[in-house]
2 protein chains.
Amino acid sequence: MTEIEESIAEESPDVAHDIPDIVIGRLPIYLRALMRMVEEGDKVTTSSQELGDRLGVSSAQIRKDLSLFGDFGKQGTGYHINYLVQQLQRILKLDREWPVAMVGAGFLGHALANYGGFKNRGFRVAWIFDNDPETVGQKIGGIMVRHVDGLERVLRREKVQIAMLAVPATAAQELADRLVASGVRAILTYAPISINVPEGVKVQYSDPVAQLQRMTFYLDV
Amino acid sequence: MTEIEESIAEESPDVAHDIPDIVIGRLPIYLRALMRMVEEGDKVTTSSQELGDRLGVSSAQIRKDLSLFGDFGKQGTGYHINYLVQQLQRILKLDREWPVAMVGAGFLGHALANYGGFKNRGFRVAWIFDNDPETVGQKIGGIMVRHVDGLERVLRREKVQIAMLAVPATAAQELADRLVASGVRAILTYAPISINVPEGVKVQYSDPVAQLQRMTFYLDV
DNA sequence: CACCAATCGTGTAACATTTCACAATTGTAG
DNA sequence: CTACAATTGTGAAATGTTACACGATTGGTG
């Protein structure tokens, strides 16, 4: 699902070495379902079976994925939900709040900057950049929009590692280059174009049209 | 594969069931890059090598993927860009314009409905639904927002097969059920929750937080 | 015309991922 | 205290995906 072209992962101090990226991609999904169970509050433990049923994944896959990081479950009873949430947050380095830069404050950047869903999931939109004089200076979700000219200085100074890119396709590669040059190591881009980044930088793509196109193949006329 | 199976596959009008979904997922990316080449307009042909370099994919993978659908290239010269675009559009059933329903006209649904990028890529936001009396009746991108109560009637009547879902997590499953019951077969959802749908219905997920979480694993602290 | 560089399509090998199936462990009920 | 149902973690088998390597074909050049 997901799109192709991601840079190769650097090693993490912990266990990162031989964990397949495809497994890493499933952990946020597990975490999301587990946090939902916490909210529901009607159970203390769950099983790989129950979790898998909710997510449409086999129980064996969940057990195997989790076993790459440790023994989190208990035979006969399953997984303690709160404990597993904690462990997944630790593995994914979500036991902190990452400041994120939003580049592009058009319709989409505006909507995402306002999105309340980052809270409690590890992220906070901390800076917003745009190149439109009308937009610069306005506040979005309590954050002042800065001119994109100051991007390098701010990101370097604040050691920002994560950025979201919501600019036109024509500007995406240049801005990605500037983000990388400013120390950003993870980019979530909404521009409908593949961008090239050096090794060690991760890119995730979100192109609604490409996602729709992936489904029409299966539709009847 | 035996010879018999091979010839059946060749003659079968419906090649869909032997094609891995992961290949289908790459075709829109190829198409996107090829359409960009068309826009650039400086070349008539391209090669699997050039395309792969742009996308960070091996040339062999591109050749193998395409070869599942036919022989589109020519030894020595590569692929005729316009022809390959046409073929990919045909394969992905993008040689028409699919009407899409947008469910949820909050910040995100609003932004997506306004997004100009659907044009010329096979889609058109044709209906917008919301449950907020303030929003219903307003126009977004020239489309009148209807009350979600009328969803079933409209989608059935218009035979809509594709929907985008931009509603809170708590409402997502119920609305997905209603979409499916109304004949929708492909759902692109922005709600941060896994939804369950019957066989034959495709779902694509776009949860910005999950995508960010997938990258933090690789970041240094 | 003969040669050569470019490039495809593809069989096969290598590698990656998922599923299976079961011993081991746990908590519970009688 | 024992029997049992639930459930994990995991080695091995099955399945799926990618990369390699090469014959075949093409168009261009001398």
Side-chain angles (χ1 to χ4, degrees), chain A residues 1-6 8-9 15-27 29-30 34 37 43-81 83-84 87-88 91 214, chain B residues 1-3 5-7 9-10 15-27 29-30 34 37 43-81 83-84 87-88 91 214:
Chain A
M1 204 214 262
T2 328
E3 296 206 22
I4 42 179
E5 200 210 323
E6 273 167 34
I8 306 305
V15 240
H17 41 286
D18 34 350
I19 308 288
D21 181 64
I22 197 166
V23 173
I24 300 301
R26 283 190 293 259
L27 299 188
I29 309 304
Y30 300 165
L34 288 162
M37 288 181 185
K43 279 189 262 65
V44 172
T45 61
T46 187
S47 65
S48 59
Q49 181 71 55
E50 182 183 42
L51 194 51
D53 287 349
R54 286 211 187 195
L55 299 176
V57 168
S58 78
S59 62
Q61 178 151 86
I62 290 175
R63 291 199 303 279
K64 190 134 246 183
D65 285 352
L66 295 178
S67 76
L68 293 173
F69 301 94
D71 292 2
F72 303 132
K74 196 182 273 185
Q75 284 124 319
T77 52
Y79 300 91
H80 190 280
I81 296 172
Y83 176 67
L84 190 50
Q87 292 304 309
L88 286 174
I91 292 164
R214 181 181 185 152
Chain B
M1 196 185 245
T2 69
E3 285 172 66
E5 283 169 335
E6 225 165 34
S7 58
E10 255 168 31
V15 79
H17 288 293
D18 302 28
I19 309 288
D21 182 65
I22 197 166
V23 173
I24 300 300
R26 283 191 293 259
L27 299 187
I29 311 305
Y30 300 164
L34 289 162
M37 289 181 184
K43 281 188 262 64
V44 171
T45 61
T46 187
S47 66
S48 59
Q49 181 72 55
E50 182 183 40
L51 193 52
D53 287 349
R54 286 211 187 195
L55 299 176
V57 168
S58 79
S59 62
Q61 177 152 88
I62 290 176
R63 292 200 302 280
K64 189 134 250 188
D65 284 354
L66 296 178
S67 76
L68 293 174
F69 301 94
D71 293 2
F72 303 133
K74 196 182 271 186
Q75 282 126 322
T77 51
Y79 299 91
H80 190 280
I81 297 173
Y83 177 66
L84 190 50
Q87 292 303 309
L88 286 173
I91 293 164
R214 180 179 186 155

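Chain letters run A, B, ... following the sequence lines, proteins first and then strands; every chain starts at 1. The analysis underlying the following values was restricted to heavy atoms, covering all of them including side chains, and did not include hydrogens, waters or symmetry mates.
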Say you draw a straight line from [atom1] of [X] to [atom2] of [Y]; how long is it, rounded to the nearest 0.5 Å?
X: A/Ser67; Y: A/Ile62; atom1: OG; atom2: CD1; value: 12.0 Å
X: B/Asp71; Y: B/Tyr79; atom1: CG; atom2: OH; value: 8.5 Å
X: B/Arg26; Y: B/Ile29; atom1: CZ; atom2: CD1; value: 10.0 Å

Could you list all N or O pairs between the protein and nucleotides 14-18 of chain C that sit under 3.5 Å apart?
from: C/dT18; atom 1: OP1; to: A/Arg26; atom 2: NH1; distance (Å): 3.0
from: C/dT18; atom 1: OP1; to: A/Gln61; atom 2: NE2; distance (Å): 3.4
from: C/dT18; atom 1: OP2; to: A/Arg26; atom 2: NH1; distance (Å): 3.2
from: C/dT18; atom 1: OP2; to: A/Arg26; atom 2: NH2; distance (Å): 2.8
from: C/dT18; atom 1: OP2; to: A/Gln61; atom 2: NE2; distance (Å): 3.1
from: C/dT18; atom 1: O5'; to: A/Gln61; atom 2: NE2; distance (Å): 3.2

Taking for A/Ala60 and for A/Thr77 the nucleotide of DNA chain D with the nearest heavy atom, the one nearer the 5' end belongs to A/Thr77
Assert: residue with more 5' nearest nucleotide on DNA chain D, out of A/Asp71 and A/Gly76, is A/Gly76
Check whether any side-chain nitrogen or oxygen of A/Tyr79 sits under 4.0 Å from OP1 or OP2 of D/dA6, and answer yes or no.
no
OP1 or OP2 of D/dT25 less than 4.0 angstrom from a side-chain nitrogen or oxygen of B/Lys74, does that happen here?
no
I'd like to know if the side chain of B/Asp65 pairs up with that of B/Gln61 as donor and acceptor (distance under 3.5 Å, no hydrogens or angles considered).
no
Any side-chain heavy atom of B/Thr77 within less than 4.5 Å of one from B/Lys74?
yes
I want to check something: taking the side chain as every heavy atom from C-beta on, are B/Leu27 and B/Phe69 in contact at a cut-off of under 4.5 Å?
yes
Whole-Å distance separating the [atom1] atom of [X] from the [atom2] atom of [N]:
X: B/Ile24; N: D/dG16; atom1: CD1; atom2: C1'; result: 15 Å
X: A/Asp53; N: D/dT7; atom1: CG; atom2: P; result: 11 Å
X: A/Leu66; N: D/dT8; atom1: CG; atom2: P; result: 9 Å
X: A/His80; N: D/dA6; atom1: NE2; atom2: P; result: 21 Å
X: B/Ile62; N: C/dT10; atom1: CD1; atom2: P; result: 16 Å
X: B/Ile19; N: D/dG16; atom1: CD1; atom2: C1'; result: 14 Å

Looking only at non-hydrogen atoms, find the nearest pair between B/Pro20 and B/Leu68 and report the distance.
CD-CD1, 4.1 Å
Return the residues of residues 43-51 of chain A meeting this criterion: a heavy atom under 4.0 Å from some atom of DNA chain D. Order them by number, or give none.
A/Ser47, A/Ser48
Does B/Gln75 make a side-chain donor-acceptor contact with the base of C/dT7, cut-off 3.5 Å?
no
Can you list the steps and then say if A/Leu66 with A/Leu84 is a side chain to side chain contact (heavy atoms under 4.5 Å, CB included)?
CA-CA 9 Å; A/Leu66 295 178; A/Leu84 190 50; 4.0 Å; yes
Could you walk me through whether A/Arg63 and A/Ser59 satisfy the side chain to side chain donor-acceptor pair (under 3.5 Å) test, starting with their C-alpha distance in whole Å, then the side-chain angles of each, then the deciding distance to 0.1 Å, before giving a yes or no?
CA-CA 6 Å; A/Arg63 291 199 303 279; A/Ser59 62; 3.3 Å; yes
